[in-house]
Trainee: 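Can you keep this structure in mind? I'll have questions shortly.
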There are 2 protein chains.
Amino acid sequence: MKKGKATIHDIAEKLNITASTVSRALNDNPRISENTKKQVLKMAKQLNYQPNHIASALRSGKSKLIGVLVPTANRNFFSSVVRGIEDIANELDYKVIISQSYEDPEKEIQTVDALLNARVDGIIASIGKNTENFDHFKKILEKGIPLVLFDRITNELEVSQVVIDDYYGAYETTKHLIEQGCRRIAHFTSPKKINIYRERLRGYEDAIRDANIPFDPELIEESDMQLEDGRSSMENIINKGIEFDAVFSSSDYAVMGALQVLREHKISVPNQVKLAGFGNEPFTSFTAPPITTVDQKSIPMGRVTAETFFELLKSEDKKSATHKTVLKPELIIRESSLKTN
Amino acid sequence: MKKGKATIHDIAEKLNITASTVSRALNDNPRISENTKKQVLKMAKQLNYQPNHIASALRSGKSKLIGVLVPTANRNFFSSVVRGIEDIANELDYKVIISQSYEDPEKEIQTVDALLNARVDGIIASIGKNTENFDHFKKILEKGIPLVLFDRITNELEVSQVVIDDYYGAYETTKHLIEQGCRRIAHFTSPKKINIYRERLRGYEDAIRDANIPFDPELIEESDMQLEDGRSSMENIINKGIEFDAVFSSSDYAVMGALQVLREHKISVPNQVKLAGFGNEPFTSFTAPPITTVDQKSIPMGRVTAETFFELLKSEDKKSATHKTVLKPELIIRESSLKTN
DNA sequence: TACTTTTGAGCAATCGATTGCATATTTAAA
DNA sequence: TTTAAATATGCAATCGATTGCTCAAAAGTA
């Protein structure tokens with residue numbers, strides 16, 4: 001029984017062959033006879049041999065580890081994407097290392113470094129919302145290490161990316177609100193320069209214009225989009241006496257804040273004001289009334305991201321293997337946005 | 001610039017010393033002179049040296065990797081614990097590998113094996129609710145690999161564990177409902193033989209008895225505790241015509257289901273029936289009315305679990321370093337359980 | 001029978017860092 | 001001045017698996 005770990009050398013010794021032969025047999029190398037392979041496999045089982053991935057990683061340069069970098073692990077969207085990634089990675093015998101940037105650019109840089117140090121075979125990331133310099137991501141690319149971005153992306157990098165069609169999601173949502181009779185739709189967005197909010201705003205604007213409704217900048221509220229921010233935004237609009245009959249928020253949390261404030265002001269949803277959010281956070285279906293929102297397809301996004309990643313990993317020419325996938329989000333219509341006959 | 005990666009040998013060559021000296025210098029070994037250390041550090045920076053953790057792991061037998069096994073990564077409670085673990089692990093230069101068992105005992109076994117194969121330095125796990133055989137965990141212990149369990153534990157294993165005081169949480173919640181005037185409190189629980197539901201049931205029963213309220217088995221509903229299950233349980237009770245004035249559910253999801261059904265039956269919460277859940281899932285504060293629940297201290301639990309883990313890792317004698325931490329949960333009282341004057 | 005191929009395995013170097021055991025150089029003590 | 005004790009490095013093996021190159025034996029060809 002020894003110290004517990006059997007190595008290829010132990011197998012080799014028992015069988016009176018060399019470790020190289022054992023290694024080749026285990027890797028099903030055609031240069032080894034069937035007979036030898038059979039014996040090796042049998043002995044491996046008998047000795048309860050477990051390959052040492054670390055040794056193999058050192059020699060082969062492949063760690064079978066993927067680094068996943070998300071702003072925070074405990075947000076439903078991100079943890080669901082991680083789940084999707086892990087689903088696929090495990091099927092292919094890869095392990096997922098998870099790290100968080102906490103939306104802090106400094107920490108994001110360190111974390112990328114740490115992942116690189118851990119010798120991951122590649123990185124999947126969603127960019128923190130305060131990140132404006134992308135040198136740390138460029139560094140990954142320069143090292144020839146596969147990189148795939150999802151959801152929070154940037155155009156400054158030539159990388160594979162997986163996103164949902166934020167523009168479409170926002171356009172459809174806004175259109176839906178208009179169809180329900182709304183003409184003065186407030187929009188909550190973020191001043192942050194990240195793709196998702198920008199695209200959603202664009203979708204909102206276009207839908208408004210296409211319906212020949214004048215765009216009123218007074219109806220746009222910028223904030224950090226947390227629940228509290230949504231509350232303030234709503235209060236702002238109400239206090240300024242701005243006329244509005246709907247709120248379309250780029251974040252479910254912010255729209256939740258709006259709902260609370262409306263309740264407090266005894267403004268009825270959806271009778272007087274209709275609401276829609278974005279993200280399909282679990283809670284949106286549990287509120288009273290349930291909130292209309294846009295599903296971001298988080299688990300599929302994780303799976304597609306992982307698939308994109310492994311394609312890239314296999315490809316010879318990283319450059320030309322770069323491509324962008326756009327998933328269609330789904331408008332989930334619930335009571336908060338429905339016309340009350 | 002070479003191929004990009006500088007090794008200790010490159011540093012050694014430039015400085016006309018040996019790799020051993022460089023290695024010692026980088027590890028701040030007292031046997032190396034301050035002067036040499038300074039030079040090595042300087043050259044390391046100059047060559048942009050990044051230590052190869054894989055090589056170090058192979059030689060030292062320490063991978064600086066922790067395996068974290070959870071039923072599913074995208075449940076708020078688990079992802080928050082993972083976040084807490086990651087917080088601490090990162091401070092100590094450890095990386096976290098995450099894997100999921102999907103509540104499937106078979107998959108759980110495979111996953112443990114995979115983590116062991118990845119040569120993690122230790123494992124932190126929460127047991128799947130269908131797991132009844134613990135041999136795979138015993139195997140971890142037999143190999144002398146540190147193991148810490150959190151939340152979903154078992155008494156069949158002599159390991160360090162971190163849990164909340166489920167009994168206390170349930171007792172306090174039930175007591176609170178009684179204080180609000182309830183006498184016929186239904187309890188939703190699971191038939192699964194796992195510690196958390198058993199303890200919560202015990203807390204419920206004791207609180208009832210201590211208040212001299214007769215225990216009525218008709219008020220106990222067993223299910224898998226998902227939202228749909230909560231709905232059925234509530235329907236059951238209503239349809240059977242069982243008298244009740246409160247529901248205390250061991251799961252927030254199930255109590256959410258109950259709330260929906262009560263709404264549909266036009267039974268007013270908290271006027272006619274009071275509600276309390278367990279878990280403090282984010283949505284519970286967003287419902288109408290907001291739901292009273294028990295906070296499980298997920299992020300602290302993650303941090304404490306990680307701390308327990310690292311203590312164990314450092315300790316010489318794994319056996320005696322085994323200990324159990326019990327965190328106090330917090331009853332979060334919200335409108336759903338409050339007496340309406 | 002003599003010569004070329006094919007097949008199956010072994011040898012030894014390698015991946016990069018670590019570490020027990022020398023060894024050389026100083027410094028301190030006798 | 002001689003010897004003992006520190007101090008600073010070097011040497012070489014090691015962790016376990018992989019792989020280019022070499023070589024012997026068996027099979028095929030002329």
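Quick note: numbers below take in every heavy atom, side chains included, and nothing from hydrogens, waters or symmetry partners. Naming: A, B, ... by sequence-line order, numbering from 1 per chain.
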Trainee: For A:S23, answer base if it contacts any base atom (sugar-phosphate contacts may also be present), sugar-phosphate if it contacts only those atoms, and nothing otherwise; contact means non-hydrogen atoms under 4.0 Å.
Mentor: base

Trainee: With a 4.0 Å limit, can you tell me whether B:S20 has a side-chain N or O closer than that to the phosphate oxygens OP1/OP2 of D:dA12?
Mentor: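 Checking B:S20 against D:dA12: no side-chain N or O falls below 4.0 Å of OP1 or OP2.
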
Trainee: Just call it for A:I54: base, sugar-phosphate, or nothing, with non-hydrogen atoms closer than 4.0 Å on any strand.
Mentor: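 Counting heavy atoms under 4.0 Å across all strands, no contact is made by A:I54.
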
Trainee: Can you check the B:E34 CD to D:dT9 P distance for me, whole Å?
Mentor: 10 Å

Trainee: Checking A:S23 against A:S20: is there a side-chain donor and acceptor pair closer than 3.5 Å?
Mentor: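 No, no side-chain donor-acceptor contact under 3.5 Å.
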
Trainee: I want to confirm an ordering. Mapping B:R24 and B:L58 to their closest nucleotides on DNA chain D, which one lands closer to the 5' end?
Mentor: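 On the 5' side of the pair lies B:R24.
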
Trainee: Determine the contact category for B:S60: base if any of its heavy atoms lies under 4.0 Å from a base atom, sugar-phosphate if only primed atoms, P, OP1 or OP2 are that close, otherwise nothing.
Mentor: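 The residue B:S60 makes no contact with any strand.
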
Trainee: Of the options A:N195, A:V162, A:I196, which is the one that meets A:I153 in a side-chain contact (heavy atoms from CB on, under 4.5 Å)?
Mentor: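 One option only clears the test, and that one is A:N195.
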
Trainee: Please answer whether the main-chain N or O of A:P105 pairs with a side-chain N or O of A:N130 as donor and acceptor at a distance below 3.5 Å.
Mentor: no

Trainee: What does B:T7 touch in the nucleic acid at a heavy-atom separation under 4.0 angstrom: a base, only the sugar-phosphate, or nothing?
Mentor: sugar-phosphate

Trainee: Where do A:I123 and A:F309 come nearest, in terms of heavy atoms and distance?
Mentor: N-CE1, 3.7 Å

Trainee: Give a yes or no on whether a salt bridge exists between A:R303 and A:D87, defined as a side-chain N under 4.0 angstrom from a carboxylate O.
Mentor: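 The answer is yes: the pair qualifies as a salt bridge.
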
Trainee: Looking only at side chains, do B:T18 and B:T21 share a donor and an acceptor under 3.5 Å apart?
Mentor: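 Looking only at side-chain atoms, B:T21 and B:T18 do form a donor-acceptor pair, the distance falling under 3.5 Å.
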
Trainee: How would you label the contact of A:I8 with the nucleic acid (heavy atoms, under 4.0 Å): base, sugar-phosphate, or nothing?
Mentor: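 Base contact.
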
Trainee: What about A:R59, does its side chain sit under 3.5 Å from the base of D:dT19 through a donor-acceptor pair?
Mentor: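 Under the 3.5 Å cut-off, the side chain and the base do not form any donor-acceptor pair.
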
Trainee: Classify the angle between the aromatic ring planes of A:F77 and A:F150 as parallel (below 30°), tilted (30 to 60°) or perpendicular (above 60°).
Mentor: tilted

Trainee: Which nucleotide span of DNA chain C, 5' end to 3' end, has atoms closer than 4.0 Å to non-hydrogen atoms of chain B?
Mentor: C:dG16 to C:dA22

Trainee: Under 4.0 Å between any heavy atoms, over every strand shown, what does A:H9 touch: base, sugar-phosphate, or nothing? Just pick one.
Mentor: base

Trainee: By nearest nucleotide on DNA chain D, pick out whichever of B:R119 and B:I17 is the more 5' one.
Mentor: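 In this pair, the answer is B:I17.
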
